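Please read all numbers here as calculations on a predicted model, not as lab measurements.
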Number of protein chains: 2
Amino acid sequence: MSRNVLKTGELAKMAGVNKETIRFYEQKGLLSEPVRTSGGYRQYTQNEVSRLIFIRNAKSLGFSLSEIMELLAIADGSIDRCGDVRKIAEDKLDHINTQLHHLQSLKSTLTNLVDQCAQTSSIHHCPIIESLSKGTQQDEN
Amino acid sequence: MSRNVLKTGELAKMAGVNKETIRFYEQKGLLSEPVRTSGGYRQYTQNEVSRLIFIRNAKSLGFSLSEIMELLAIADGSIDRCGDVRKIAEDKLDHINTQLHHLQSLKSTLTNLVDQCAQTSSIHHCPIIESLSKGTQQDEN
DNA sequence: TGAAACCCTGTAGTATAGTACAGGGTGTAT
DNA sequence: ATACACCCTGTACTATACTACAGGGTTTCA
């Protein structure tokens with residue numbers, strides 16, 4: 001039975017990260033400095049498990065550690081000037097919407113590719129390149 | 001008027017990357033070694049502009065350079081064993097679908113946050129943390 | 001023909017996000 | 001009381017993706 005207190009290694013195991021990463025996040029300010037035992041061992045709680053899972057999830061969405069720090073600041077309530085929060089969240093939303101559109105169009109081109117691939121045995125005109133080759137070309141004039 | 005041939009700096013400008021990046025991509029194999037002038041200057045064409053735009057777009061979707069190299073190999077037709085192509089494209093699709101789901105759920109929580117924020121002047125219970133804190137916790141038994 | 005603008009190579013530096021020791025201390029179980 | 005698992009700090013190393021020189025050659029255009 002756990003005494004409700006976790007050592008670094010236990011936290012690492014529960015959150016699915018490794019020990020060094022926990023120390024690294026502490027250095028970077030994503031985790032605050034924990035209470036220590038008299039011997040100097042870090043003592044964590046379930047809160048840190050959640051926080052690490054939060055970080056892991058946000059990372060899987062493509063957020064950088066500094067963006068995650070902002071999100072955590074919102075979540076912690078340490079940013080509570082409403083305008084600031086809205087600005088951050090709205091910027092995030094813009095970015096997310098852009099990513100969603102790109103991903104959706106790539107998804108359909110890839111789906112087409114896979115379908116075509118299922119029918120023909122070699123690819124001669126691939127739709128991916130046409131799709132991804134479109135873009136704002138800086139014309140030099 | 002262009003003679004249809006681009007120097008490194010011109011290509012860079014047109015594709016919206018910088019010169020060093022072009023050389024870097026050549027080193028990494030994302031661009032093949034171009035024809036040179038007698039003086040050793042690289043000579044590019046419109047194809048390389050498209051290729052760089054392709055790379056830029058793929059990067060904005062979160063693909064790494066090595067993944068982009070795979071995509072380019074498909075696009076180039078240099079991978080044309082149908083099974084290989086399908087495997088790569090399907091793996092990509094899985095990944096994209098996962099990212100889409102994560103982004104969609106984050107989008108809705110962020111949208112809620114922004115809405116709440118528009119109504120209240122400070123945030124006391126933020127939905128982001130609940131949303132992103134959910135996840136597979138490795139239970140130690 | 002000479003100077004400005006551009007290109008070349010090679011190497012080193014930056015930022016991000018960890019990962020891997022070395023050398024030493026702590027906790028606990030037998 | 002001692003061995004083993006585990007923790008500590010600090011530092012160095014890795015990978016990815018560039019970015020920035022230094023020192024020198026090339027093109028172009030007046």
Nearest-angstrom distance from the residue atom CD of B/Glu26 to P of D/dA17 = 18 Å
task = Kindly compute the distance separating CG (A/Leu6) from OG1 (A/Thr45), expressed to the nearest 0.5 Å.
result = 7.0 Å
message = Could you check whether B/Glu26 pairs with B/Arg42 (Lys NZ or Arg NE/NH1/NH2 to Asp/Glu carboxylate O, under 4.0 Å)?
response = yes
ask   = Is B/Arg36 near enough to C/dT9 that one of its side-chain N or O atoms lies under 4.0 angstrom from OP1 or OP2?
value = yes
request  = Look at B/Thr8 and C/dC6 and indicate whether a side-chain polar atom (N or O) is within less than 4.0 Å of OP1 or OP2.
outcome  = no
Quick test: give all pairs of protein nitrogen or oxygen and nucleotides 18-21 of chain D nitrogen or oxygen below 3.5 Å, distance rounded to 0.1 Å.
unit_1	atom_1	unit_2	atom_2	d
D/dC18	OP1	B/Lys59	NZ	3.4
D/dC18	OP2	B/Tyr25	OH	2.7
D/dT19	OP2	B/Asn18	ND2	3.4

task = Could you walk me through whether A/Asn18 and A/Thr21 pass side chain to side chain donor-acceptor pair (under 3.5 Å), step by step?
result = CA-CA 5 Å; A/Asn18 78 34; A/Thr21 301; 3.2 Å; yes
ask   = Measuring from B/Ile68:CD1 to B/Arg51:CZ, what's the distance to the nearest 0.5 Å?
value = 11.0 Å
note = Between CG of B/Leu31 and P of D/dA17 the distance, given in whole Å, is 14 Å
ask   = Looking at D/dC6, does its base get a donor-acceptor pair with the side chain of A/Tyr41 below 3.5 Å?
value = yes
ask   = Within the structure shown, what part of the strands sits under 4.0 Å from A/Lys28 by heavy-atom distance: base, sugar-phosphate, or nothing?
value = nothing
ask   = Which pair of non-hydrogen atoms, one from B/Val5 and one from B/Glu10, has the smallest distance, and what is that distance?
value = O-OE1, 3.8 Å
query = Please give, in whole Å, the distance from C/dC8 C1' to B/Glu10 CD?
reply = 16 Å
query = Among D/dT26, D/dC8, C/dG27, which is the nearest nucleotide to the side chain of A/Arg42?
reply = D/dC8
task = Round to a whole Å and report the spacing from CG of B/Leu6 to C1' of C/dC7.
result = 14 Å
key: Separation of C/dG18 C1' from A/Arg56 CZ (nearest whole Å)   = 16 Å
A/Ser66 vs A/Ser38, nearer the 5' end of DNA chain C by closest nucleotide = A/Ser66
ask   = Rounded to whole angstroms, how far apart are NZ on A/Lys19 and P on D/dC8?
value = 9 Å
remark   = Atom OH of A/Tyr44 and atom C1' of D/dC7 are separated, to the nearest Å, by 11 Å
task = Give a yes or no on this: more than 12 heavy atoms of other residues, nucleotides or ligands lie within 6.0 Å of atom CD of B/Glu33.
result = no
request  = Using atom CE of B/Met69 as one end and atom C1' of D/dA15 as the other, report the distance to the nearest whole Å.
outcome  = 14 Å
ask   = Quick one: on DNA chain D, does A/Gly9 or B/Gly40 contact a more 5' nucleotide (nearest heavy atom)?
value = A/Gly9
task = Any chance you could measure B/Leu31, atom CG, to B/Leu52, atom CG, to the nearest 0.5 Å?
result = 5.0 Å
